[in-house]
Engineer: 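Sharing a structure with you now.
Every chain is numbered from 1, with letters handed out A, B, ... down the list of sequences.
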Amino acid sequence: MSSSESDDSAPLSALVSGLPLLKASVGSGSDSDNEPLSIRSKRESANAGANRPDSDSESDQPLSGRARAPPKKAAANGKAPVPVAPKRAKRAIAPAEPKRPRKIASAAAATAPPKRPVVKAEPKTSRHKTPSANSFVDRKPLIKAESSVAATSFDGSEGSDSEDFKWWLESKDNTGPKWKTLEHFGVMFPPEYEPHGLPLLYRGKEIKMHPHVEEVATFFAALLGSDNAENKVFQENFFKDFKDLLDKHMAKHPVKAFSQCDFTVIRAHLDEQKATRKAMTKAEKEAAKKEKLDIEEKYGFCMLDGRREKVGNFRIEPPGLFRGRGAHPKTGMLKTRVLPEQVTINIGSDAAIPDPPSGHSWGKVIHDNTVTWLAMWKENINSSTKYVFLAAGSSLKGQSDMRKFDKARNLVRCIDDIRAQYTKDFKSDVMAERQRATALYLIDRYALRAGNEKGEDEADTVGCCSLRCEHVSLEPPNVVHFDFLGKDSIRYERTTEVDILVWRNLRLFQKEPKVKSDMLFDRLTPTSLNSFLHTLMPGLTAKVFRTFNASFVFQRQLLNTPKVGTEAEKILAYNRANREVAVLCNHQRAVSKSFQGAMTKIEDKLLAVRYQRQQLKDHLMSIAPTLKKLRPDIAQKEPGVTAKWIKTYLLSTCELDREKARKKFERDNEKLKEANEPVIPESTLNEQLDEINAREASIGDGTYEAELPVAKNATTDKILEKIDKLTERISNIEVSKIERDENKTTALSTSKINYIDPRISVAWCKKNGVPLEKIFNRALREKFTWAMEVDSEWTF
DNA sequence: GTTTGCACTTAGTACTTATCTT
DNA sequence: AAGATAAGTACTAAGTGCAAAC
């Protein structure tokens, strides 16, 4: 069980051994490391050597009774016939009305004084000034007046842009209103559906559809060939909604079965449209681009406390088929069109209320400055709320982002105590405490999510608190195998060694009479866990551990950056550190369709270079066999470069060379023609082709003598030099191959955007003289403006 | 204490644009 | 200059966590 045994399994080995704290080659595991690590490694070794009397049998006694307590929620997957109250089912069925008036903009302030000071004006739903009538906007120059869309916009000439405003220099707590004044242009609606009039084929017969029906058929046609369209549940849900529409709008239609529906006519039309769009002229493309920019100029910005700030998702989500992830029971259902009447606008009480689309009115207009959203509507699938927020680079988002990282950074100081606490609680006599401690260990070490309870009408995914016995299998003496679907139905699979007490606890929590579909931590909920965490550090919740560990691991991994090295090498080290974090957080992505092809290409390239090196080695051995003593590598055979491979390779070069010769011939002649000069006769090309053909024949019968990649009379030194060059190329290709393979399923962006404190990266850039643009794209630089001023010595 | 609603963060994917190869 | 590939963006689903309502 020595931790060293996992070192052979590549850079990510530390995870296998169970440590989010990866083994940095710099000061790995030594107490010279940062404070928190040293404590942790001490605990690590203490636990490893712990020779604690096996008291499980004793502690089982008082606990087993509690363990028998029925799980809060039985398996949602229907595997277990445990009687379960359909907890939230009614939520989905229940109509939206009557809604409890939990928050009425004006009344709330009067009746129950909220904790945060709320500045609210009375609703002014009726007051409809047009934005252009607004004095504020009036004073602005009409920019882009020629535009069809935006006659006015917040162009930044008044007030200041958010980027000039260094909010992070002012200390600001999280209490109080989120803004004082707020002006914006509302939301943008998707275009109305334009019927194409093309039929559905039912049992081969054309059926022209009502536009409302046709629209939905077209949604499905667009997905033909995708995984969604192949998914049974998706098909069923789609078809039910589709059929309802058919029944509603088209009397006596023959459509009965999905299997008889053929959407290919519509699909062909969609493909055609796509091709047309692709084939647009440059001017047309420019015009479309400009139109898009104009829209963004108008809706894409708002004025918040007099500053111009970017709005995030100002477009109302268009109708379509709900693409729930994983085994979502509602996937494929029709997501209906959102009308202005369903949209609530949140705006400053003194601001002009944006015009709803003509002939429509807003559902509600409120003036709630305790929230950050500009508009809101309810979506019909899960009746969840959709919001229009400011963009990631805005001051509001930036402030909460900074608070998030500061909180995680706070944990650096508390983590030793917290770990000591939960380690102690592994042995608690109180079942709930033992479960809590064990769960916290998993959250801390493996960056698991809290794991809130989920409904019957959602995909069956879990986090730490909602783990079921079936998700964890144990192997003596202390090996744990996790296998479950987490957020977005991404599989979490990991085999690891844990603290022996954790292992015994997990065994205890799984004990009969529990069955595999029972909750592992039946005495624990995210709420109870979080309220316990609050007692350890203000504001501490389960998710903070993810942020903390991600940033902490990242900073530690960056110690591997070579002190002397090229920029590329440093960036490589940076990306490796990033990847460690991504693996820790289980940030995955689908393997791209082109991956295998690209991989094969790299392998071919690698073999081709190896072949060259083999040729040189062979040559050296023949002209200077004694070199073998000095350079034993010369005698080594290149792996993969077999006689069979060589033959195939050489033959493939013939084909390529023929193609090259033809192309060159054509190109040259075209040029000559243009210059009115005599063209090269076809016979010249034929001579070249004949040569290649002859080569091909000699390869075929084995008489071919391959050309050396060096001059015939090259000295041994020259050849050795060339070999070394090839060796470097080979190792470069191999590294890129490994990188590519490791990145195949790992997404680095999520951790970079959400988990890694940007100040670590900024400090690293300053320290290593790497320009920030090399690691943060424009969006990230905008998002993290608040982090830019730290110096090179800043630490998380 | 439990349930529900709400607000906000986190997440992967589909599409678009920029850059590299050939 | 086109096609391939990588990088970046837009989109929206799916989480967390707080607090009001019951």
Engineer: Provide, to the nearest angstrom, the distance between the CZ atom belonging to Phe219(A) and the P atom belonging to dA14(B).
Structural biologist: 18 Å
Engineer: Salt bridge check, Asp271(A) against Lys274(A): does any charged N sit closer than 4.0 Å to a carboxylate O?
Structural biologist: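 Asp271(A) and Lys274(A): not salt-bridged.
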Engineer: Mind checking whether His328(A) and Phe322(A) have parallel, tilted or perpendicular rings, split at 30° and 60°?
Structural biologist: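 Perpendicular: the ring planes of His328(A) and Phe322(A) meet at over 60°.
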Engineer: Whether Ser400(A) contacts dT9(B) is assessed here as follows: a side-chain N or O lying under 4.0 Å from the phosphate OP1 or OP2. Is that the case?
Structural biologist: yes
Engineer: Check the interface with nucleotides 18-22 of chain B: list each N/O to N/O pair with the protein under 3.5 Å, or write none.
Structural biologist:
none

Engineer: Determine whether the side chains of Thr745(A) and Gln588(A) contain a donor N or O and an acceptor N or O closer than 3.5 Å.
Structural biologist: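 Thr745(A) vs Gln588(A): no donor-acceptor pair found between side chains.
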Engineer: What string of B, S and - do you get for nucleotides 10-16 of chain C, 5' to 3', if B is base contact, S is sugar-phosphate-only contact and - is no contact with any protein heavy atom under 4.0 Å?
Structural biologist: -SBSBSB
Engineer: Starting at CD of Gln273(A) and ending at P of dC15(B), how long is that distance when rounded to a whole Å?
Structural biologist: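 Spelled out: CD on Gln273(A) to P on dC15(B) is 14 Å.
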Engineer: Taking the six-membered ring for Trp, are Tyr492(A) and Phe482(A) parallel (under 30°), tilted (30 to 60°) or perpendicular (over 60°)?
Structural biologist: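 Taking Phe482(A) first and then Tyr492(A), their aromatic rings stand perpendicular (interplane angle over 60°).
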Engineer: Does the side chain of Tyr755(A) get closer than 4.0 angstrom to OP1 or OP2 of dT9(B) through an N or O atom?
Structural biologist: no
Engineer: Mind checking Ile753(A) for me? I need base, sugar-phosphate or nothing, with any heavy atom below 4.0 Å counting as a touch.
Structural biologist: nothing
Engineer: Can you tell me how far P of dT10(B) sits from NZ of Lys752(A), to the nearest Å?
Structural biologist: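 Rounded to whole Å, this separation is 17 Å.
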Engineer: Please produce a list of atom pairs where a protein N or O lies less than 3.5 Å from an N or O of nucleotides 2-7 of chain C.
Structural biologist:
unit_1: dT5(C); atom_1: OP1; unit_2: Lys601(A); atom_2: NZ; d: 3.2
unit_1: dA6(C); atom_1: OP1; unit_2: Arg740(A); atom_2: NH1; d: 3.2
unit_1: dA6(C); atom_1: OP1; unit_2: Arg740(A); atom_2: NH2; d: 2.2

Engineer: Looking for any heavy atom pair under 4.0 Å, which part of the strands does Ser749(A) touch: base, sugar-phosphate only, or nothing?
Structural biologist: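 It contacts nothing in the nucleic acid.
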Engineer: Taking CZ from Phe389(A) and P from dC8(B), how many angstroms apart are they, rounded to a whole number?
Structural biologist: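 Rounding to the nearest Å, CZ of Phe389(A) and P of dC8(B) are 5 Å apart.
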Engineer: Is a salt bridge present between Lys601(A) and Asp604(A), judged by a nitrogen-to-oxygen distance below 4.0 Å?
Structural biologist: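 No, no charged N to carboxylate O under 4.0 Å.
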Engineer: Flag the pair Lys298(A) and Asp294(A) as a salt bridge only when some basic side-chain nitrogen lies within less than 4.0 angstrom of an acidic carboxylate oxygen.
Structural biologist: no
Engineer: Can you list the residues that meet the side-chain hydrogen bond (donor to acceptor under 3.5 Å, both in side chains) rule with Asp488(A), with sequence neighbours excluded?
Structural biologist: Arg325(A)
Engineer: Heavy-atom nearest nucleotide on DNA chain B for Gln588(A) versus Tyr387(A): which residue maps closer to 5'?
Structural biologist: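 That would be Tyr387(A).
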Engineer: Below the 4.0 Å mark, does dG5(B) have OP1 or OP2 next to a side-chain nitrogen or oxygen of Thr385(A)?
Structural biologist: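 It does not, given that no N or O in the side chain of Thr385(A) lies less than 4.0 Å from OP1 or OP2 of dG5(B).
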Engineer: So do the side chains of Arg315(A) and Glu296(A) get within less than 4.5 Å of each other, counting heavy atoms only?
Structural biologist: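 Arg315(A) reaches Glu296(A) side chain to side chain.
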Engineer: Under 4.0 Å between a side-chain N/O of His534(A) and OP1 or OP2 of dC18(C), yes or no?
Structural biologist: yes
Engineer: How many whole angstroms separate atom CG of Leu524(A) from atom P of dG1(B)?
Structural biologist: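 From Leu524(A) CG to dG1(B) P: 15 Å.
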Engineer: Less than 4.0 angstrom between a side-chain N/O of Arg546(A) and OP1 or OP2 of dA11(B), yes or no?
Structural biologist: yes
Engineer: Strictly by modelled atom types, are Glu493(A) and Asn586(A) linked by a side-chain donor-acceptor pair under 3.5 Å?
Structural biologist: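 Side chains of Glu493(A) and Asn586(A): no pair found under 3.5 Å.
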Engineer: Measure NZ/Lys285(A) against C1'/dC15(B) and give the value in whole Å, please.
Structural biologist: 14 Å
Engineer: Just compare dT9(C), dG12(B), dC8(B) and give me whichever is closest to any side-chain atom of His587(A).
Structural biologist: dG12(B)
Engineer: With DNA chain C as reference, determine whether Gly539(A) or Glu773(A) sits nearer its 5' end, using the nearest nucleotide of each.
Structural biologist: Glu773(A)
Engineer: Is any side-chain nitrogen or oxygen of Lys178(A) closer than 4.0 Å to OP1 or OP2 of dC8(B)?
Structural biologist: yes
Engineer: I want to check a possible cation-pi pair here: Arg436(A) against Phe532(A), using under 6.0 Å from ring centre and within 45° of the ring axis as the test.
Structural biologist: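 Verdict for Phe532(A): a cation-pi partner in Arg436(A).
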Engineer: Whole-Å distance between dT13(B) P and Leu223(A) CG?
Structural biologist: 15 Å
Engineer: State whether a side-chain donor-acceptor pair under 3.5 Å links Thr331(A) with Asn237(A).
Structural biologist: no
Engineer: With sequence neighbours excluded, give me every ring-ring contact (aromatic ring centres under 6.0 Å, His included) pair touching residues 370-398 of chain A.
Structural biologist: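 Qualifying pairs: Trp373(A)-Tyr387(A), Tyr387(A)-Phe389(A).
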Engineer: For a quick test of reading the model: is some side-chain N or O of Thr527(A) closer than 4.0 Å to OP1 or OP2 of dC18(C)?
Structural biologist: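 It does not, given that no N or O in the side chain of Thr527(A) lies less than 4.0 Å from OP1 or OP2 of dC18(C).
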Engineer: When you check the phosphate oxygens OP1 and OP2 of dC15(B), does a side-chain N or O of Lys274(A) lie under 4.0 Å from one of them?
Structural biologist: no
Engineer: Rounded to the Å, how far apart are Arg589(A) CZ and dA14(B) C1'?
Structural biologist: 14 Å
Engineer: Using the side-chain contact (heavy atoms from CB on, under 4.5 Å) criterion, which residues pair with Pro318(A)? Sequence neighbours excluded.
Structural biologist: Pro190(A)
